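Notes to accompany the following structure.
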Number of protein chains: 2
Amino acid sequence: MILRSSPSSPFGRKCKISASLLGLVEKIEITRTNTTDPDDPIAKENPLAKIPALILDDGSIIYDSRVICEYFDNLAGGGKLFPGGDARWKALTLQALSDGILDAGILRVYENRFRPEEKRHPEWVARQKGKIDRALAYLEANTPEAGSAPTIGDVTLACALGYLDFRFEGEWRGGNPNLVAWLDRFADAVPAFGATIPSD
Amino acid sequence: MILRSSPSSPFGRKCKISASLLGLVEKIEITRTNTTDPDDPIAKENPLAKIPALILDDGSIIYDSRVICEYFDNLAGGGKLFPGGDARWKALTLQALSDGILDAGILRVYENRFRPEEKRHPEWVARQKGKIDRALAYLEANTPEAGSAPTIGDVTLACALGYLDFRFEGEWRGGNPNLVAWLDRFADAVPAFGATIPSD
């Protein structure tokens, strides 16, 4: 399998950490993608031109990160990062909330990357930041349990907080001591987190 | 259960059509949400302030539409809209692609809704339209099979095309006869599609 990703992509990071937790690293070749290069094949692999995409050995392609991570879980026997029973909906909702933090954070970054200064709109940026701040406040008051095996919800939350560190350094840490402690514990328990620190 | 939605939301429509296909309509109360009203409870129910959210009878809340639709599928016995085996990755990737069409279409709409005219950036809008156009070209050449039982991929594609009709009337239909025929067949086979035509 080939995972099309980039060192800066938080959604690619989800897949890399999931593969590591599931013991699949040796089965996956990671190749670098640049979504801003019009000649990069990613737009043919995934018409949305979004990272990541997974090219299977038969040539078929699956995406997005939620689908790839569940596919990995299934390859590893199933029910590991994607639990069954009531725990499933909790894990999947935490994944959705954390993906939503990422989507809002990426829109904040894209406001500068894809617009000249005179076309940037502070109210739009504040709207996205409001989503992140409410999500963090909820998660600070409802921090996931420590000690149990990580789910895809935990992996995604860790990638979301890691992305906030990468793009908005320090901003989220003030006022969220429970989440800071949670991320420290996650990083201690999951070596793939430290091995996938994002870079441009 | 209470489904928090709105008549204009394509992601809410996914949930409504799924509930209908799965025979769950009588178990679900739908209440109207307005994400632009700061007093609307949606931002407390889902910190991302996105539609839809599902409030379970025990008060717990799950989102987003992917999670809610899979929860519905599970309530109906599982394996219906979310098949097992290799068909699962095909259905989930079609859902991801169709959700991506929606995300790009919504960003086009938001460009006008949330920005004064002088802050709008045609290159950004064209970037989003490019994602939609590539996805449509891929789907026109790889139209899902007709006749088999619909999956969550089909439901999402129908909602994506329905959203393009709602917000960019007619634009997608030119040059995509296979997709137009596919949507006609879907609408004939799934009465809930016609019963959930979006409105503001």
Side-chain angles (χ1 to χ4, degrees), chain A residues 38 43-44 46-50 53-54 56 58 60-68 70-71 74 78 84-86 88-101 103-104 107 110-111 114-116 118-124 127-128 130-139 142, chain B residues 38 43-44 46-50 53-54 56 58 60-68 70-71 74 78 84-86 88-101 103-104 107 110-111 114-116 118-124 127-128 130-139 142:
Chain A
K44 291 196 177 69
N46 173 352
L48 303 169
K50 286 181 176 175
L54 183 71
L56 304 185
D58 69 359
S60 62
I61 300 176
I62 66 176
Y63 45 84
D64 52 16
S65 68
R66 293 195 201 180
V67 185
I68 294 170
E70 189 181 341
Y71 179 79
N74 192 264
D86 284 350
R88 184 174 189 87
W89 318 114
K90 204 171 163 181
L92 294 183
T93 298
L94 180 57
Q95 176 176 226
L97 181 59
S98 304
D99 279 344
I101 293 173
D103 288 334
L107 285 173
Y110 283 5
E111 187 76 5
F114 290 111
R115 289 177 194 268
E118 69 273 15
K119 296 293 181 70
R120 296 174 194 160
H121 191 42
E123 287 86 337
W124 171 257
R127 187 176 172 84
Q128 302 309 320
K131 292 177 189 288
I132 296 171
D133 289 347
R134 281 194 306 271
L136 291 173
Y138 171 82
L139 290 163
N142 299 275
Chain B
K44 291 197 178 68
N46 173 354
L48 302 169
K50 287 182 177 175
L54 183 71
L56 305 184
D58 69 0
S60 61
I61 300 175
I62 68 177
Y63 48 83
D64 49 18
S65 68
R66 294 196 201 179
V67 185
I68 293 170
E70 189 181 341
Y71 179 80
N74 190 263
D86 283 350
R88 185 175 188 87
W89 317 116
K90 203 171 163 180
L92 294 184
T93 298
L94 179 57
Q95 174 176 227
L97 181 59
S98 305
D99 279 345
I101 293 173
D103 288 334
L107 284 174
Y110 283 4
E111 187 76 6
F114 290 111
R115 290 178 194 266
E118 68 274 14
K119 297 294 181 72
R120 296 173 196 162
H121 190 42
E123 286 88 335
W124 171 257
R127 187 177 173 83
Q128 302 309 319
K131 291 176 189 290
I132 296 170
D133 290 346
R134 281 193 306 270
L136 292 173
Y138 171 82
L139 290 161
N142 300 273

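Proteins come first, then strands; the chains are lettered A, B, ... in the order of their sequence lines, and each starts at number 1. Treat the numbers as computed from the prediction; the structure is a model and nothing was measured.
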Quick one: what part of B/Leu107 sits under 4.5 Å from any heavy atom of chain A, side chain, backbone, both or neither?
side chain

In terms of heavy-atom pairs under 4.5 Å with chain B, which of A/Asn46, A/Ile61, A/Asn74 leads?
A/Asn74

Under 4.5 Å from any heavy atom of chain A - which part of B/Glu123
neither

Any A/Trp124 side-chain heavy atom under 4.5 Å of B/Arg115 side chain:
yes

Taking only Lys NZ, Arg NE, NH1 and NH2, and the carboxylate oxygens of Asp or Glu, determine whether A/Glu70 and B/Arg88 approach each other closer than 4.0 Å.
yes

Quick one: which of B/Leu139, B/Leu136, B/Leu97, B/Leu94 has the most heavy-atom pairs under 4.5 Å with chain A, could you say?
B/Leu97

Less than 4.5 Å apart, side chain to side chain, heavy atoms only: is that true for B/Tyr71 and A/Leu92?
no

Checking A/Arg66 against B/Asp99 for the salt bridge (Lys or Arg N to Asp or Glu O under 4.0 Å) test, could you report, in this order, the C-alpha distance in whole Å, the side-chain angles of both residues, the deciding distance, and whether it holds?
CA-CA 12 Å; A/Arg66 293 195 201 180; B/Asp99 279 345; over 6 Å; no

Could you tell me which non-hydrogen atom of A/Ala96 sits nearest to which non-hydrogen atom of B/Asp64, and how far apart they are?
CB-N, 3.6 Å

Between OG1 on residue B/Thr93 and CD1 on residue A/Ile68, distance to nearest 0.5 Å
8.0 Å

Engaged part of B/Tyr138 at the chain A interface, taking heavy atoms whose separation is under 4.5 Å
side chain

Interface residue of largest heavy-atom contact number with chain A, from B/Leu48, B/Ile101, B/Val67, under 4.5 Å
B/Leu48

Residue among A/Ala135, A/Ala43, A/Ala49, A/Pro47 with most heavy-atom pairs under 4.5 Å to chain B
A/Pro47

Between B/Lys131 and A/Lys50, does a side-chain contact (heavy atoms from CB on, under 4.5 Å) hold up when you go through it step by step?
CA-CA 9 Å; B/Lys131 291 176 189 290; A/Lys50 286 181 176 175; 4.2 Å; yes

Beyond-backbone contact of A/Trp89 with B/Leu56, side-chain heavy atoms, under 4.5 angstrom
no

How long is the straight-line distance from CG of A/Asp86 back to CG of B/Asp58, given to the nearest 0.5 Å?
8.0 Å

Of the listed A/Gln128, A/Arg134, A/Gln95, A/Lys90, the one with the largest count of heavy-atom pairs under 4.5 Å with chain B is A/Arg134

What's the separation between atom CZ in A/Arg120 and atom NE2 in B/His121, rounded to the nearest 0.5 Å?
9.5 Å

Spacing of CG belonging to B/Asp103 relative to CG belonging to A/Asp103, to within rounding of 0.5 Å:
6.5 Å

